[in-house]
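Written below as structure tokens is the structure these notes are about.
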Amino acid sequence: MTYDAIEHHHIRRLWPADIAAFRRHLKRLDADTRQARFGSPVNDQFLEAYADTAHRLGTLIFGAYYGNEIRASAELRSLEIVGEAMAEAAFTVEKDYQDKGLGSLLMNRIIVAAQNRSISQLHMICLRDNDRMQHLAGKFGARLKIKSGEVTGRIDPTYPTPVSVFEEALDEAHGFMTAVLDWRI
Ligand SMILES: CC(C)(COP(=O)(O)OP(=O)(O)OC[C@H]1O[C@@H](n2cnc3c(N)ncnc32)[C@H](O)[C@@H]1OP(=O)(O)O)[C@@H](O)C(=O)NCCC(=O)NCCS
């Protein structure tokens, strides 16, 4: 199932109608991926509740769909800090789909989305032993800081440009069309 992990997918923004697929995606995560994503072991009950609150105000989620199933996702959550537009990003790729480039594609989407929302600081947190996430963050220019058991990465997106706005608008238009097609099935 891993051979086509990068080819036959489409990445799009998730809408409330995608919550059931998002919940299935989270509940398929193996123990190591859960620990790496949430920083500690989490059970299905936690993930059910997490998926239900995922679409609260100030959160943008992208999902990589293969057919009707989401296999990877990225969340951009705004952090309410007075005077600075800051956000936190988190990434989740199912085990069989890791190391195939999906995290990089999602990181690119998240950075463009942050740029277009004039977010000046984009933060990501991972466990200290999460070399793959640190490599990914570093590849996109994040400054990494080690804090006890965690590593925080910070990217300062540039200002929105006509190209970045157009890039997101094009992805959104395509994403909306595929979302409508998915729901008709
Ligand atoms: C971390 C994660 C998001 C990365 O997504 P991914 O789809 O696996 O990543 P990609 O395939 O796009 O890129 C992986 C990169 O890490 C590199 N890599 C793989 N294993 C590595 C390791 N042990 N040490 C350092 N780099 C590593 C790959 O070579 C690749 O680098 P390249 O693009 O320069 O060739 C994904 O593996 C994941 O969901 N892990 C579990 C949850 C998690 O850790 N979330 C992050 C906390 S927010």
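These numbers were taken from a predicted model, which means no experiment stands behind them. Both counts, for ligands and for their atoms, begin at 1 and track the order of listing.
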Next item on the list: May I have the step-by-step check of side chain to side chain contact (heavy atoms under 4.5 Å, CB included) for Arg71 and Asp96, ending in yes or no?
Entry: CA-CA 9 Å; Arg71 299 297 182 172; Asp96 282 352; over 6 Å; no
For a quick check under 3.5 Å, do [X] and [Y] share a side-chain donor-acceptor pair by atom type?
X: Thr158; Y: Gln115; result: yes
X: Thr152; Y: Lys147; result: no
X: Glu168; Y: Asn116; result: yes
X: Glu88; Y: Ser78; result: no

Check: Under the 3.5 angstrom rule, does the side chain of Arg117 hit a backbone N or O of Ala113 as a donor-acceptor pair?
Finding: yes
Next item on the list: Indicate yes or no for a side-chain donor-acceptor contact from Asn130 to the backbone of Met133 under 3.5 Å, with no hydrogens or angles considered.
Entry: yes
What about [X]: any of its N or O atoms under 3.5 Å from an N or O on ligand 1?
X: Asp99; value: yes
X: Tyr97; value: no
X: Ile125; value: no

Distance to 0.1 Å, residue and atom name: give those for the protein heavy atom nearest to [atom].
atom: atom 44 (O) of ligand 1; value: Asn130 ND2, 2.6 Å
atom: atom 47 (C) of ligand 1; value: Ala36 O, 3.7 Å
atom: atom 40 (N) of ligand 1; value: Gln98 NE2, 3.6 Å
atom: atom 3 (C) of ligand 1; value: Phe91 CB, 3.5 Å
atom: atom 41 (C) of ligand 1; value: Thr33 CG2, 3.6 Å
atom: atom 22 (C) of ligand 1; value: Asp131 CB, 3.9 Å

Checklist line | Which segment of His135 sits under 4.0 Å of ligand 1 when only heavy atoms are counted | finding: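 Just the side chain.
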Check: Using heavy atoms and a threshold below 4.0 Å, how should the contact between Val93 and ligand 1 be classified: side chain, backbone, both, or neither?
Finding: both
According to a 4.5 Å side-chain heavy-atom criterion applied to Ile, Leu, Val, Met, Phe, Trp and Tyr, with indirect links allowed, do [X] and [Y] form part of one hydrophobic cluster?
X: Phe38; Y: Ile61; result: yes
X: Met124; Y: Val151; result: no
X: Ile125; Y: Leu79; result: no

Next item on the list: Anything under 30° is parallel, anything over 60° is perpendicular, the rest tilted; go ahead and classify His25 against Phe22.
Entry: tilted
Under 4.0 Å from a heavy atom of [X]: which atoms of ligand 1 are those, numbered in the order shown and with their elements?
X: Ser104; result: 10 (P), 12 (O), 13 (O)
X: Lys139; result: 32 (P), 33 (O), 34 (O)
X: Thr92; result: 39 (O)

Note to self: Protein heavy atoms near atom 16 (O) of ligand 1, is at least one of them under 4.0 angstrom away?
What the structure shows: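 Yes; the ligand atom in question has protein heavy-atom contact below 4.0 Å.
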Margin query: If you take the nearest heavy atom of each of Ala137, Gly103, Gly138, which one is closest to atom 5 (O) of ligand 1?
Written below: Gly103
Next item on the list: Would you tell me which option among Ala64, Gly101, Ala74 has the nearest heavy-atom contact to atom 10 (P) of ligand 1?
Entry: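 Among Ala64, Gly101, Ala74, the closest heavy atom to atom 10 (P) of ligand 1 comes from Gly101.
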Checklist line | Arg132 to ligand 1, any heavy atom closer than 4.0 Å | finding: yes
